[in-house]
Amino acid sequence: MGLFGGPAKQEPVSSAPYEGDMFEEPFDALPTLPKAQDNTVIAKGITFTGTIHGEGSVRVEGCLEGEVNLKGTLTVTTTGIVKGPITTDVVRVAGDITGSITARESLCLERTGCVHGDVATASLIVENGRLDGSSTMLAPPERPKEPDLAVDDLQFGDNYNMDTGK
């Protein structure tokens, strides 16, 4: 019963949203996590002893004692030291490496870099660094050959004239 004896008026009641829900986004709109990088960093002040084998990029700022076998890139910074054999696609040396290096694609010896050992690579770049050892040049890695196209496989527009080439 309403005031003064009249029937009670029914008004729709809306529930106030929970304060925590006001700022939440639906699950579909949540940002995705960043893509994992294929990078490994051996930081300055860290000594890693063991074998590194796999794919990706390794950056040595500290000391690495052991074998490196990568399908990827090894970067030795000015503070980095590597003691052991290295086999990888690309090597950049700004620090110190003691051991043999096989770089299937290229090796860049920067002006602050020093290599004590023999190197074998398809491309050797020396920026006034020091190489105490011999170098052997490898054949460049083979790139996938593009398939040969026959003239019959070629397609031209409607306005192309085979006789004039236009």
Side-chain angles (χ1 to χ4, degrees), residues 23-157 159-160 162 165-166:
F23 299 107
E24 287 188 27
E25 298 176 12
F27 285 113
D28 293 341
L30 290 177
T32 59
L33 293 174
K35 182 181 174 193
Q37 297 181 354
D38 296 337
N39 294 342
T40 299
V41 177
I42 299 172
K44 187 177 178 180
I46 300 293
T47 298
F48 176 84
T49 303
T51 301
I52 295 180
H53 178 78
E55 283 187 41
S57 298
V58 175
R59 181 179 174 94
V60 179
E61 298 171 358
C63 183
L64 169 61
E65 297 175 355
E67 181 181 352
V68 177
N69 190 345
L70 282 177
K71 183 175 184 182
T73 303
L74 175 71
T75 302
V76 182
T77 66
T78 55
T79 59
I81 298 170
V82 177
K83 298 176 182 175
I86 298 168
T87 302
T88 186
D89 295 330
V90 177
V91 180
R92 287 191 67 93
V93 184
D96 193 61
I97 295 179
T98 301
S100 63
I101 300 173
T102 301
R104 291 181 285 270
E105 292 179 22
S106 68
L107 184 144
C108 179
L109 182 57
E110 297 181 6
R111 64 180 178 81
T112 58
C114 187
V115 174
H116 307 280
D118 298 336
V119 300
T121 184
S123 172
L124 178 62
I125 302 165
V126 179
E127 298 175 353
N128 209 17
R130 180 181 175 117
L131 173 59
D132 293 330
S134 65
S135 65
T136 303
M137 299 308 290
L138 302 174
E142 283 192 33
R143 302 285 181 205
K145 186 179 177 185
E146 294 183 21
D148 293 330
L149 295 175
V151 174
D152 295 340
D153 294 338
L154 298 176
Q155 297 180 8
F156 300 97
N159 297 332
Y160 187 82
M162 288 289 283
K166 293 182 181 179

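Start at 1 with the first residue, then count along the sequence. Everything quoted here is computed from the prediction, not taken from an experiment.
Using modelled atom types, one side-chain atom of T79 and one backbone atom of E61 make a donor-acceptor pair closer than 3.5 Å. Looking only at distances, no side-chain donor or acceptor of T47 sits under 3.5 Å from a matching main-chain atom of C63.
To the nearest 0.5 Å, the span separating CD1 on I101 from CG on L109 amounts to 8.0 Å. Here the CD1-CD distance, from I125 to E110, works out to 9.5 Å after rounding to the nearest 0.5 Å. The CD1 atom of I97 sits 13.0 Å away from atom NZ of K83, with the distance rounded to the nearest 0.5 Å. Here E65 contributes atom CD and T49 contributes atom OG1; the two are 4.5 Å apart, rounded to the nearest 0.5 Å. Atom OG1 of T88 is separated from atom NE2 of H53 by 11.5 Å, given to the nearest 0.5 angstrom. Atom OG1 of T121 is separated from atom CE of M137 by 6.0 Å, given to the nearest 0.5 angstrom.
Here salt bridge (Lys or Arg N to Asp or Glu O under 4.0 Å) pairs that include residues 95-107, with residues two or more places apart or in two chains, are D89-R104.
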Could you go through V126 and L131, starting from their C-alpha distance and side-chain angles, then the distance that decides it, and tell me whether this counts as side-chain contact (heavy atoms from CB on, under 4.5 Å)?
CA-CA 9 Å; V126 179; L131 173 59; 5.7 Å; no
Steps toward side-chain contact (heavy atoms from CB on, under 4.5 Å) verdict (L138, T102)
CA-CA 9 Å; L138 302 174; T102 301; 4.2 Å; yes
Please evaluate residues I86 and V91 with respect to the criterion side-chain contact (heavy atoms from CB on, under 4.5 Å), reporting the C-alpha separation (whole Å), side-chain torsions for both, the decisive distance (0.1 Å), and the verdict.
CA-CA 9 Å; I86 298 168; V91 180; 4.2 Å; yes
Mind running side-chain contact (heavy atoms from CB on, under 4.5 Å) on L74 and I52 for me, showing each step along the way?
CA-CA 11 Å; L74 175 71; I52 295 180; over 6 Å; no
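Listed here is the closest heavy atom pair of V60 and I81: CG1-O, 3.9 Å. For the residue pair A139 and A122, the shortest heavy atom distance occurs at O-CB, 3.9 Å.
Here the options are P85, S134, S135, the test is side-chain contact (heavy atoms from CB on, under 4.5 Å), and the partner is D118; only S134 passes.
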